[in-house]
Engineer: 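My questions all concern the structure below.
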Amino acid sequence: PTLMVPAAAPPPPASLVLTQDDLKKIAAYKAVEHVKSGMVLGLGTGSTAKHAVNRIAQLLNQGKLKDIVGIPTSSTTHEQAVNLGIPLSDLDSHPVIDLAIDGADEVDPELNLVKGRGGSLLREKMVESASKKFVVIVDESKLVNYVGGSKLAMPVEVIPFCWSHSLNRLVALFADSGCVGELRKCVTGEKAYVTDNGNYIIDLYFERDIGDLNEASDAILRLPGIVEHGMFIGLATSVIVAGVDGVTVKTK
Ligand code: 5RP
């Protein structure tokens with residue numbers, strides 16, 4: 001006999017289905033509403049920040065924004081901004097930034113972040129810690145209960161010299177959290193991924209909560225050979241989260 005199964009609900013029309021990239025773009029466009037003419041802007045890195053940089057260029061070209069100076073957080077963003085005609089400078093010439101807009105890999109309830117899965121954590125932290133306002137743009141998949149809670153990588157930039165020694169010391173610091181680590185490789189081949197600053201990245205993975213973030217940060221930065229880590233503690237002013245049910249803005 002043929003078993004009758006109720007028909008599944010038809011899928012919504014393709015045009016109404018928001019992709020993750022649509023959500024990133026929605027968050028990015030919302031953040032760019034905070035940009036005013038004359039501002040010095042920190043330009044983030046990654047697939048979400050890329051939408052913000054595109055939008056800023058669009059508004060400049062339409063004459064709706066004027067006299068913007070961008071401070072890029074990576075060579076990739078530098079190249080994107082140059083191609084789009086956004087005037088650029090650096091932290092040496094503009095040590096105080098009005099507003100930085102960037103994505104994140106994880107956002108916890110206190111707005112602490114993990115960044116750097118795109119490899120640009122050092123320049124991002126330099127630019128974003130020099131910003132009067134730092135607006136983070138994410139889709140809802142980036143929300144976690146605690147830093148490390150996604151079980152994905154927490155990146156640490158290290159100098160190439162004896163990187164495996166640095167890896168072992170990092171892992172030992174977080175033994176109680178079930179930490180493992182690995183050297184980040186290029187997508188093609190076995191070569192180590194090299195940052196814009198000529199360094200390597202160690203990706204740390206945690207089984208359990210790493211506890212007090214400031215203590216973890218201090219312990220990491222005390223190790224010789226470590227350049228910077230991807231925990232952005234207390235730096236975000238607000239986080240714009242785009243989800244399928246709409247946009248929410250989290251502030252401290
Ligand atoms: C790059 C970063 C990115 O902001 C972070 O990885 C988020 O990227 P995406 O917007 O592509 O998800 O920290 O170093």
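Atoms within a ligand are numbered from 1 in the order they appear, just like the ligands themselves.
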Engineer: May I ask you to identify the nearest protein heavy atom to atom 5 (C) of ligand 1, giving residue, atom name and distance to one decimal place in Å?
Structural biologist: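 Closest protein heavy atom to atom 5 (C) of ligand 1: Asp105 OD1, 3.2 Å.
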Engineer: Output the list of atoms in ligand 1 that are nearer than 4.0 Å to some heavy atom of Gly103, sorted by atom number.
Structural biologist: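 Close to Gly103: 4 (O).
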Engineer: Could you tell me, atom by atom, which parts of ligand 1 come under 4.0 Å of a heavy atom of Thr45?
Structural biologist: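 What qualifies from ligand 1 is 1 (C), 2 (C), 3 (C), 4 (O).
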Engineer: Using a 4.0 Å heavy-atom cut-off, which part of Asp102 comes near ligand 1: side chain, backbone, both, or neither?
Structural biologist: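 The answer is the side chain of Asp102.
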Engineer: I need the atoms of ligand 1 closer than 4.0 Å to a non-hydrogen atom of Gly46, numbered in the order shown.
Structural biologist: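 Going through ligand 1 atom by atom, the ones under 4.0 Å from Gly46 are 11 (O).
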Engineer: Between Glu228 and Arg123, does at least one N-O distance fall below 4.0 Å, as a salt bridge requires?
Structural biologist: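 Arg123 and Glu228: not salt-bridged.
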Engineer: If we set the cut-off at 4.0 Å for heavy atoms, which region of Ala104 has an atom near ligand 1: side chain, backbone, both, or neither?
Structural biologist: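 Only the backbone of Ala104 comes within reach of ligand 1.
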Engineer: Is Ile220 close to Phe174 at the side-chain level, that is, under 4.5 Å between some pair of heavy atoms?
Structural biologist: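 Touching, per the 4.5 Å side-chain cut-off.
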Engineer: Under a 4.0 Å N-O cut-off, is there an ion pair linking Arg184 with Asp203?
Structural biologist: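 Salt bridge present between Arg184 and Asp203.
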Engineer: Please check if the side chain of Lys115 supplies one atom and the backbone of Gly103 the other of a donor-acceptor pair under 3.5 Å.
Structural biologist: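 Yes; judged by distance alone, with no hydrogens or angles, the pair exists.
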Engineer: What atoms of ligand 1 come closer than 4.0 angstrom to any heavy atom of Gly116?
Structural biologist: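 Numbered from 1, ligand 1 contributes 2 (C), 13 (O), 14 (O).
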Engineer: For atom NZ of Lys142, decide whether the heavy atoms of other residues, nucleotides or ligands shown that lie under 6.0 angstrom number more than 12.
Structural biologist: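 Count over threshold, so yes.
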Engineer: Do Asp102 and Glu124 have side chains that get closer than 4.5 Å, going by heavy atoms?
Structural biologist: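 Of all side-chain heavy-atom pairs linking Glu124 with Asp102, at least one is under 4.5 Å.
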Engineer: Is the number of heavy atoms from other residues, nucleotides or ligands under 6.0 Å of Asp22 CG greater than 12?
Structural biologist: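 For Asp22, atom CG is crowded (more than 12 foreign heavy atoms under 6.0 Å).
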Engineer: Could you tell me whether Gln58 atom CD has more than 12 heavy atoms of other residues or ligands within 6.0 Å of it?
Structural biologist: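 Yes.
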Engineer: What protein heavy atom sits nearest atom 9 (P) of ligand 1, and how far away is it?
Structural biologist: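 So the nearest neighbour among protein heavy atoms is Ser47 OG, 3.3 Å.
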Engineer: Parallel, tilted or perpendicular: which fits the ring planes of Phe134 and Phe232, with parallel below 30° and perpendicular above 60°?
Structural biologist: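 Correct class here is tilted.
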Engineer: Examine ligand 1 and decide if any of its atoms is less than 4.0 Å from a heavy atom belonging to Lys142.
Structural biologist: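 Distance cut 4.0 Å: Lys142 passes for ligand 1.
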Engineer: What atoms of ligand 1 come closer than 4.0 angstrom to any heavy atom of Glu124?
Structural biologist: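 Those qualifying, in numeric order: 1 (C), 2 (C), 4 (O), 13 (O), 14 (O).
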Engineer: Using a 4.0 Å cut-off to any heavy atom of Lys24, which atoms of ligand 1 qualify?
Structural biologist: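 Counting from 1, the qualifying ligand atoms are 12 (O).
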Engineer: Quick test: of every protein heavy atom, which one is nearest to atom 14 (O) of ligand 1, and how far off is it to 0.1 Å?
Structural biologist: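 Among all protein heavy atoms, the one nearest atom 14 (O) of ligand 1 is Ser120 N, 3.0 Å.
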Engineer: Closer than 4.0 Å to some heavy atom of Gly119 - which atoms of ligand 1 meet that?
Structural biologist: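 Selected atoms, number and element: 14 (O).
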Engineer: For Lys115, take its heavy atoms, then give the atoms of ligand 1 lying under 4.0 Å from any of them.
Structural biologist: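 So the answer, numbered in order with elements, is 2 (C), 3 (C), 4 (O), 13 (O).
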Engineer: Are Gly44 and ligand 1 in contact, using a heavy-atom cut-off of under 4.0 Å?
Structural biologist: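 The answer is no, since Gly44 has no heavy atom less than 4.0 Å from ligand 1.
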